[in-house]
Amino acid sequence: MERTLSIIKPDAVSKAVIGKIIDWFERKGIRIVAMKMVRMSKEQAEAFYAVHKDKPFYDSLTDFMSSGPVVVMVLEGENVIQKNREIMGATNPKDAAPGTIRKEFATDVEKNAVHGSDSPETAKQEIAFFFSEYELLSSTK
Ligand code: UDP
Ligand code: MG
């Protein structure tokens, strides 16, 4: 069993597709073990995306991620880090395969509906960024 961090980004929250995106995960057998809606400050968005601080899109991305509420979730399942990345689709919705969340719900390469951790190390860090141990629940009891 593996865990990963998923974020429903401000564009998708604003489009009122939170439920549809959660349904996408649940239909694929992924379980939600933590979830909350938060609004990040610019500073929190900068800290979350620190790995991208030298990228040309960093300032715009962190403005966007702090522009409205997001839904942060911890997803659990077998191989869920990679599975979530596949369900999300490519970063740029123009390249995203049909049937992926980004193909269906993203606006553009920045406003691309969802975030997903990309490795076990980043999953661990990103989960700890938003959740404490007591907020991580078992979904099967
Ligand atoms: N992003 C952007 N322009 C780009 C590449 C990425 O605005 O050219 C944004 C986009 O919201 C993306 C986030 O920065 O989801 C993080 O980029 P990353 O390369 O890690 O893509 P992801 O892992 O989200 O697919
Ligand atoms: Mg990434």
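First listed ligand is number 1; within each ligand, the first listed atom is number 1. The first residue of the sequence shown is numbered 1, and numbering continues consecutively from there. Atom set for the values below is all heavy atoms of this structure, side chains included, hydrogens, waters and symmetry mates excluded.
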Minimum heavy-atom distance Lys42-Asp63, with the two atoms named: NZ-OD1, 2.9 Å
With Glu76, the salt bridge (Lys or Arg N to Asp or Glu O under 4.0 Å) member among Lys83, Arg31, Arg3: Arg3
Aromatic plane relationship, Phe129 with Phe48 - under 30° parallel, 30 to 60° tilted, over 60° perpendicular: perpendicular
Sorted by chain and number, the residues that approach ligand 1 to under 4.0 Å with a heavy atom: Lys9, Tyr49, His52, Phe57, Leu61, Arg85, Thr91, Arg102, Val109, Glu110, Asn112
Closest approach of Met35 to Val71 (non-hydrogen atoms, all atoms of both residues): CG-CG1, 3.9 Å
Stacked cation flag Lys36 on Phe130, 6.0 angstrom / 45 deg: no
Test: Lys9 cationic atom under 6.0 Å from Phe105 six-membered ring centre, within 45° of axis: no
